[in-house]
Amino acid sequence: RAKREGKSGHHFFEPSLDEQARIRRQMELDLRQAIREGEFELYFQPLYSLTEERLKGFEALIRWQHPQHGQISPLEFIPLAEETGLILPIGEWVIREACHQASMWNDKLSVAVNVSPKQFTSPDLTGKILQAIAASGISPNRLELEITESIFIANVEKTMAILHRLRDLGVKIALDDFGTGYSSLSYLRSFPFDKVKIDRSFVTDLANGGNGHAIIRAITTLADALGMETLAEGVEEFDQLDILRREGCRNVQGFLLSKPLSALMVRQWMNGDAEKNFRASAA
Ligand code: C2E
Ligand code: MG
Ligand code: MG
Ligand code: MG
C-alpha cells in the first residue's frame, strides 16, 4: 500500500476511495439499525385520473428519518439496501405498512408500492404479499406493484413466471419509469401490465418544445391499444397537464397536484371535507 501511494499516482484518489468505503460501511450499519429501530416512514403521493377527474389512490414512497442526519432520500439508500440485501426486510415492511394504511382509506382508493429487482426475485415475495393483504384486510386489487424494466435484465423467463404468479394473486402491476430502459417497447409486448408510468424526463421535456408531444402521444396510443392505463410522473406545471390531457394520458402524478404526504396527513384529509365531498358525489 505504501508503494502504491508512493509511485502509482493514485495518491490523491486513495483517501477518497477509503472515505467512500467507510461511508458505505457506516451507512450499511445505520440501515441495519434503522430496520431494528423502525426509522422508516411511508409518504403517499396522490395518483389522479384525468379521465374520471378523481383521486384514484396513492404511491407509497419511503423516507428514512436518520437520528443524526435527518431525512434521507430513497435515491440515496435504496441502491445500498439493494446491494446488501437489506431491501428484503425493508421492502417487506413497506408492503405491510402500505396495505395497513390503505385499509384506513376509502376502499375505492388504491396503494402503489415500489418493488426493487432483488425483492422481486426473492422466493417468498408472493407469500409476503399475501400475508400483508390478509393482515390488512384490503382487497388484493387495491394493491399495485411498481416494477422497473431492470427486472427483465436478469432472466426474462423467470421474470415472466413471477409476474404471472403475482397477477394470479389479484394485485395490479405497473411498469415504472417507462421509456428510460434500453428496449422498453419489447417489454410491453411480453406482459400485460395494468399500467405504464411515463418517466418524469418525458414530462419535463414537454416544456422545452421539441417532439415531447409526439412521444407522449405515441406511448398513450400504444398503451390504449394494449389495454393498459397510462400515468405521467412528475407533473409540475399547468401547461404540462394541458398537453398530457390533450395527448390522451389518463392519469397524472406530480407536485402540481400534491407532493408526497405523511400517512397522518392523508388520513386527516380523508376524514375532512374532501372525504365528505367524495361520499356526496358518489351517493
Ligand atoms: P419513483 O418510483 O419513480 O417515484 C417517483 C419519485 O418522483 C418520488 O421521489 C417522488 O417524490 C418524485 N416526484 C413526484 N412528483 C414529482 C414532481 O412533480 N417533480 C419532481 N421533481 N419529483 C417528483 P422519491 O420519493 O425521492 O423516490 C425516488 C425513488 O426511490 C422512487 O422513484 C423509487 O424508485 C425509489 N423508492 C421510493 N420508495 C421506495 C420503496 O419503498 N421501495 C423501493 N424499492 N424503492 C423506493
Ligand atoms: Mg414508483
Ligand atoms: Mg416512477
Ligand atoms: Mg421516476
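Each ligand, and each atom within it, is numbered from 1 in the order the structure gives. Because the structure is predicted, anything quoted here is derived from the model rather than measured. Along the sequence shown, the residues carry numbers beginning at 1.
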Protein N/O/S atoms closer than 2.8 Å to the Mg ion (ligand 2):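 Glu59 OE2, Asn114 OD1, Glu146 OE1, Asp176 OD2, with waters left out.
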If you take the nearest heavy atom of each of [options], which one is closest to [atom]?
| atom | options | answer |
| --- | --- | --- |
| atom 29 (C) of ligand 1 | Leu75, Val113, Val115 | Leu75 |
| atom 36 (N) of ligand 1 | Pro79, Pro74, Ser116 | Pro74 |
| atom 39 (C) of ligand 1 | Ile62, Val203, Asp177 | Ile62 |

To the nearest 0.5 Å, what is the distance between CD1 on Ile23 and CG on Asp18? 11.0 Å
Would Met160 end up clustered with Phe178 when hydrophobic side chains under 4.5 Å apart are linked, directly or stepwise? yes
Do you reckon Phe44 sits in the same ILVMFWY cluster as Leu47, going by side-chain contacts under 4.5 Å, direct or chained?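 Unlinked, Phe44 and Leu47 end up in two clusters.
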Do the two ring centres, one from Phe40 and one from Phe77, sit under 6.0 Å apart?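 Under 6.0 Å, so yes.
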Thr220 and side chain to side chain contact (heavy atoms under 4.5 Å, CB included): which partner among Thr230, Leu244, Ile215? Thr230
Location of contacts on Glu82 toward ligand 1, heavy atoms closer than 4.0 Å: neither
Report the part of Lys259 (side chain from C-beta onward, or backbone N, CA, C, O) that has a heavy atom under 4.0 Å from ligand 1; answer both or neither where that applies. neither
Atom indices of ligand 1 within 4.0 angstrom of [X] heavy atoms, with elements:
| X | value |
| --- | --- |
| Val94 | 41 (O) |
| Asp176 | 1 (P), 2 (O), 3 (O) |
| Glu236 | 17 (C), 18 (O), 19 (N), 20 (C), 21 (N) |
| Pro260 | 11 (O) |
| Leu61 | 4 (O), 8 (C), 10 (C), 11 (O), 25 (O), 37 (C), 38 (N) |

The criterion is salt bridge (charged side-chain N to carboxylate O under 4.0 Å, His left out); which residues satisfy it with Lys56, sequence neighbours excluded? Glu52
Could you establish whether [X] and ligand 1 come within less than 4.0 Å of each other, counting only heavy atoms on the residue side?
| X | answer |
| --- | --- |
| Gln45 | yes |
| Lys197 | no |
| Gly234 | yes |
| Glu59 | yes |

Please determine, by modelled atom types, if [X] and [Y] share a side-chain donor-acceptor pair under 3.5 angstrom.
| X | Y | result |
| --- | --- | --- |
| Glu82 | Ser116 | yes |
| Gln253 | Lys197 | yes |
| Asp30 | Gln68 | no |

Side chain of [X], backbone of [Y]: donor and acceptor closer than 3.5 Å?
| X | Y | value |
| --- | --- | --- |
| Glu39 | Ile35 | no |
| Trp105 | Gln101 | yes |
| Ser103 | Gly137 | no |

Who are the side-chain hydrogen bond (donor to acceptor under 3.5 Å, both in side chains) partners of Ser190, not counting sequence neighbours?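 Per chain and number, Ser190 pairs via side-chain hydrogen bond (donor to acceptor under 3.5 Å, both in side chains) with no residue.
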What residues, two or more places apart in sequence or in another chain, satisfy side-chain hydrogen bond (donor to acceptor under 3.5 Å, both in side chains) together with Arg167?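 Arg167: side-chain hydrogen bond (donor to acceptor under 3.5 Å, both in side chains) contacts with Asp194.
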Taking N or O atoms only and a 3.5 Å limit, does Phe255 qualify as a polar contact for ligand 1?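 Such a contact does occur with ligand 1.
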Do ligand 1 and Gln253 have nitrogen or oxygen atoms that lie under 3.5 Å from each other? no
